[in-house]
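Remember, it's 1-based here, ligands and their atoms both numbered in the order they're listed.
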Amino acid sequence: MNVLLIGSGGREHALAWKIAQSPRLKHLVCAPGNPGIAAVCDIRGVAVTDVEGLVALAHEIAADLVVVGPEAALEAGIADRLAEEGIACFGPTAAAAKLETSKAFSKAFAARHGLPTAAHGTFEDAAVAKAALDGFTPPYVIKADGLAAGKGVVIARDRAEAEAAIDDMLGGRFGAAGARVVIEDFMAGEEASLFALCDGKTAMIFGGAQDHKRAYDGDTGPNTGGMGAYAPAPVLTDFVIRQARTRMIDPTVRGMAAEGAPYKGVLYAGLMIEHGASRLVEFNARFGDPECQILMLRLQSDFLPYLHAAATGRLASLSAPAWSDDAVICVVLAAKGYPDAPEKGSEIEGAEQDFGPDVAVFHAGTARREDGALIAAGGRVLNVCARGATLAEARAAAYAAVDRIDWPGGFHRTDIGWRGL
Ligand code: GLY
């Protein structure tokens with residue numbers, strides 16, 4: 001099978017690493033990729049939102065399957081165009097991806113289909129939104145409607161903070177993505193990420209993990225895309241997974257089909273778990289990053305048949321995948337200044353050495369300097385992942401590998417996995 005993978009982060013490096021192990025793979029190309037991905041497969045400099053460029057590349061390599069990593073490509077309509085071209089695509093159409101790309105759509109969908117989630121209101125006018133705060137109690141959850149690179153959610157402790165967030169978002173901070181805001185009830189509990197492959201008609205649970213969204217130890221500091229993750233997460237019990245499947249994931253697949261936007265690809269349910277039961281925080285239309293890196297290290301089955309079956313409506317013909325019993329942990333190394341103003345260009349040494357069979361170092365925001373040196377080129381830069389018989393062993397292996405990387409321009413959390421331990 002010829003496969004085109006779209007994306008350039010740690011998630012896509014992990015996807016490429018796993019897809020490249022498939023005996024069914026003939027040729028893998030990633031666009032635009034990164035230096036780590038370039039060590040696994042061919043990379044081509046086509047941007048994730050250059051839909052026509054990607055379609056042309058899919059034709060050029062005679063792709064049997066296109067696997068979409070990031071939500072920006074979905075929102076740009078890559079799956080729609082590939083469907084017109086008759087090329088199988090793992091990833092939802094722009095209309096189906098609205099489960100992630102529009103919080104207003106997603107919350108209204110949840111309400112229409114009775115999914116357990118926080119009560120909400122959607123507003124376009126700042127004065128109306130502020131008045132509506134009367135119907136909520138602090139802390140207030142204020143979300144920009146559209147994609148905002150992980151910065152579109154504010155948990156406001158008091159009314160003044162909530163009003164400032166409303167003014168900020170509706171005042172144009174996120175452009176069109178902030179033309180509407182959603183205000184929600186705050187949900188207490190512990191968050192976890194659950195993944196399901198979907199083929200438009202059916203869903204298959206495909207692992208879970210818990211990530212750490214705050215920048216600093218002890219879950220403090222600003223929100224980020226994720227500073228590390230681990231699995232298995234004790235909070236994702238069999239009961240929680242079964243309940244999320246029957247009350248959120250299956251009704252979503254049925255509901256999207258009934259509404260004329262069948263959902264294909266991976267559905268990522270962000271869960272809030274309290275007293276052993278879960279509610280939906282949000283859906284995403286892609287694998288989590290860095291949760292995907294964990295899944296790829298734990299997945300024992302050949303991944304390619306699952307991706308292809310989801311893209312072609314044949315998931316029901318496959319049995320559930322095999323997962324390793326190992327615990328896996330991923331520590332994100334970020335550039336100093338992340339998430340607000342990551343410093344770019346600092347040199348990284350030791351990231352490309354052989355760390356042995358239980359460690360994988362995935363590249364996220366890296367670039368190659370003219371002299372061949374590896375440098376930081378983004379906020380989250382490297383993902384150091386390790387497996388072990390227990391979470392404690394995985395964690396020790398991951399941090400031992402982190403210590404072997406010499407990067408004065410970076411920082412990382414030292415407590416990834418603490419909830420699991
Ligand atoms: N790690 C959270 C996300 O991918 O959105």
At what distance is the nearest protein heavy atom to atom 5 (O) of ligand 1, and which residue and atom is it? R286 NH2, 2.9 Å
Write out the residue and atom name of the closest protein heavy atom to atom 1 (N) of ligand 1, then the distance separating them to 0.1 Å. D211 OD2, 2.6 Å
Less than 4.0 angstrom from a charged side-chain N to a carboxylate O is my criterion; do K213 and D219 meet it? no
What are the atoms of ligand 1, with element, lying closer than 4.0 Å to any heavy atom of Y268? 2 (C), 3 (C), 4 (O), 5 (O)
Compute whether any side-chain donor of one residue and acceptor of the other, for R24 and H308, lie under 3.5 angstrom apart. no
At less than 4.0 angstrom from any non-hydrogen atom of G225, what atoms of ligand 1 do you find? 1 (N), 2 (C), 3 (C)
Find all atoms of ligand 1 within a distance of less than 4.0 Å from any non-hydrogen atom belonging to G288, and give their numbers and elements. 4 (O)
For residues T117 and K107, is any side-chain donor paired with an opposing acceptor at under 3.5 Å? yes
Just one of F90, Y268, F303, F195 clears the ring-ring contact (aromatic ring centres under 6.0 Å, His included) bar with F206, so which one? F303
Enumerate the atoms of ligand 1 whose separation from the nearest heavy atom of E291 is less than 4.0 angstrom. 1 (N), 2 (C), 4 (O)
Is there a side chain to side chain donor-acceptor pair (under 3.5 Å) between E291 and S193? Walk through the geometry before answering. CA-CA 8 Å; E291 293 96 319; S193 310; 2.7 Å; yes
